[in-house]
Amino acid sequence: MAARIILLSALLALASSHALAFDPSPLQDFCVADYDSNVFVNGFACKNAKAVTAEDFYFTGLDKPASTANELGANITLVNVERLPGLNTLGVAMSRIDYAPFGLNPPHSHPRSSEILHVAEGTLYAGFVTANTENGNLLFAKKLKKGDAFVFPRGLIHFQFNIGDTDAVAFATFGSQSPGLVTTANALFGSKPPIPDYILAQAVQLSKTTVGWLQQQQWLDIAQEYGQRLVQAN
């Protein structure tokens with residue numbers, strides 16, 4: 001009986017370790033992403049180690065503000081495996097977020113990662129909403145100033161709003177090389193093909209006319225998670 005309990009405990013521990021591994025774990029020092037490979041894997045295939053250079057681990061430009069001249073008054077410089085091939089299998093990513101006065105990083109979620117936000121300049125109001133509970137969806141939010149940090153749990157809807165009348169800057173770090181992004185409004189009203197208007201009208205308790213108008217809007221993606229990749233050295 002004792003041997004069975006030990007065996008069961010070992011199997012459960014092994015299962016738990018796999019369940020907690022969000023990204024593929026490296027089996028060597030690094031596995032630089034090979035963007036040109038035709039091999040389909042969870043992540044990217046490895047570039048030939050003999051062709052790897054320091055440039056594969058390097059990104060520049062996080063000291064430069066991105067343009068906030070858009071409807072949201074915010075912009076994101078994302079550094080994930082799509083832009084920095086050396087991140088492949090390492091389970092980390094980061095971003096710089098610039099906010100104009102009263103700029104908004106709209107409600108969104110990251111299905112594959114938690115996030116920690118550090119405010120470098122300005123004052124933000126930031127928070128997240130829990131999953132459904134018996135008391136509804138609970139909001140945890142706080143006013144953040146320069147030097148403050150705030151955590152957004154994996155998969156939960158969260159946001160940041162610049163409540164100051166000056167520009168603000170924050171840096172976010174993620175526990176995944178590709179945290180994913182679901183912007184709430186974009187997903188609901190900007191999906192392709194669109195969700196049928198009668199479904200959304202009933203779900204959000206708006207008229208089909210209002211839903212139709214919302215679906216006709218151009219929903220902005222300030223993160224552009226799958227934007228232009230860096231050119232790899234051969």
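Values in this document were obtained by computation on a predicted structure and should not be read as measured data.
A donor-acceptor distance shorter than 3.5 angstrom exists from the side chain of Thr53 to the backbone of Glu55, with no hydrogens or angles considered. Between the side chain of Arg154 and the main chain of Pro111, a donor-acceptor pair closer than 3.5 Å is present. Within the 3.5 Å criterion, the main-chain N or O of Gly136 finds a donor-acceptor partner in the side chain of Thr133. Judged by distance alone, the side chain of Arg96 and the main-chain N or O of Leu62 form a donor-acceptor pair under 3.5 Å.
Using a 4.5 Å heavy-atom cutoff, the side chains of Leu78 and Arg83 are in contact. With a 4.5 Å cut-off on side-chain heavy atoms, Ile163 and Leu124 do not count as touching. You'll find the side chain of Phe174 reaches within 4.5 Å of the side chain of Ser95, heavy atoms only. Within the 4.5 Å cutoff, side-chain heavy atoms of Ile222 are placed close to those of Pro106. Residues Leu117 and Ile97 meet the side-chain proximity criterion, which asks for heavy atoms closer than 4.5 Å. Contact check for Leu144 versus Thr123: no side-chain heavy atoms found under the 4.5 Å cut-off. Within the 4.5 Å cutoff, the side chain of Glu82 has heavy atoms near those of the Phe44 side chain. Residues Glu115 and Val151 have side chains not in contact (no heavy-atom distance under 4.5 Å, counting atoms from C-beta outward).
Ring centers of Phe57 and Phe30: under 6.0 Å apart, within the cut-off. Checked against a 6.0 Å centroid threshold, the rings of Phe159 and Phe161 do not count as neighbours. Residues Phe140 and Phe128 bring their aromatic ring centres within 6.0 Å.
Here the closest heavy-atom approach between residue Ser191 and residue Ile195 is recorded as OG-N, 3.3 Å. Nearest heavy-atom pair across Asn80 and Gln177 is CB-O, 3.3 Å. In plain terms, the two heavy atoms of Ala45 and Ser37 that are nearest each other are CB-OG, 3.5 Å. Of all non-hydrogen atoms in Pro101 and Asp165, the two that sit nearest each other are CG-O, 3.6 Å. Here the closest non-hydrogen pair linking Ser178 and Val81 is CB-CG1, 4.2 Å. The two atoms that bring Asn135 and Leu138 nearest to each other are O-CD2, 3.9 Å, heavy atoms only.
Both Phe171 and Val92 are assigned to one and the same hydrophobic cluster, defined by single-linkage of ILVMFWY side chains at heavy-atom distances under 4.5 Å. Trp219 and Val211 end up in the same hydrophobic cluster when Ile, Leu, Val, Met, Phe, Trp and Tyr side chains are linked at under 4.5 Å. If you chain together hydrophobic residues whose side chains sit under 4.5 Å apart, Val32 and Val39 never meet in one group. Under the 4.5 Å side-chain heavy-atom criterion for ILVMFWY residues, no single connected hydrophobic cluster contains both Val182 and Leu188. Under a hydrophobic clustering in which Ile, Leu, Val, Met, Phe, Trp and Tyr are joined whenever their side-chain heavy atoms come within less than 4.5 Å, directly or via other members, Val204 and Ile157 fall into different clusters.
No salt bridge links Lys146 with Asp148; every basic N to acidic carboxylate O contact stays at or beyond 4.0 Å.
Atom CG of Asp98 sits about 12.5 Å away from atom NZ of Lys64, to the nearest 0.5 Å. Interatomic distance, Tyr125 OH to Phe102 CZ, rounded to the nearest 0.5 Å: 15.5 Å. Note that the CG atom of Asn162 and the CG atom of Leu72 stand 13.0 Å from one another [nearest 0.5 Å]. Rounding to the nearest 0.5 Å places NE2 of His118 at 10.5 Å from CE of Met94. Distance check, rounded to the nearest 0.5 Å: CG of Leu90 to SG of Cys31 gives 8.5 Å. Separating the CD atom in Gln202 from the CG atom in Asp197 is a distance of 12.0 Å, to the nearest 0.5 Å.
Side-chain contact annotation: Gln160 with Tyr99, donor-acceptor N/O pair under 3.5 Å present. A donor atom on one side chain and an acceptor atom on the other are found under 3.5 Å apart for Asn132 and Asn137.
Within 6.0 Å of CG on Asp63 lie more than 12 heavy atoms contributed by other residues, nucleotides or ligands. Atom CD of Gln217 has more than 12 neighbouring heavy atoms from other residues, nucleotides or ligands inside a 6.0 Å radius. Counting heavy atoms of neighbouring residues, nucleotides and ligands inside a 6.0 Å radius, atom CD of Gln28 exceeds 12 of them.
Taking the six-membered ring where tryptophan is involved, the planes of His158 and His110 are tilted, since the angle between them lies from 30° to 60°.
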Q: Starting from the C-alpha separation in whole Å, work towards a yes-or-no answer on side chain to side chain contact (heavy atoms under 4.5 Å, CB included) for Phe150 and Ile116.
A: CA-CA 6 Å; Phe150 198 79; Ile116 183 166; over 6 Å; no
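When the options Asn88, Asp34, Asp56 are evaluated for a side chain to side chain donor-acceptor pair (under 3.5 Å) with Lys47, the one that passes is Asp56.
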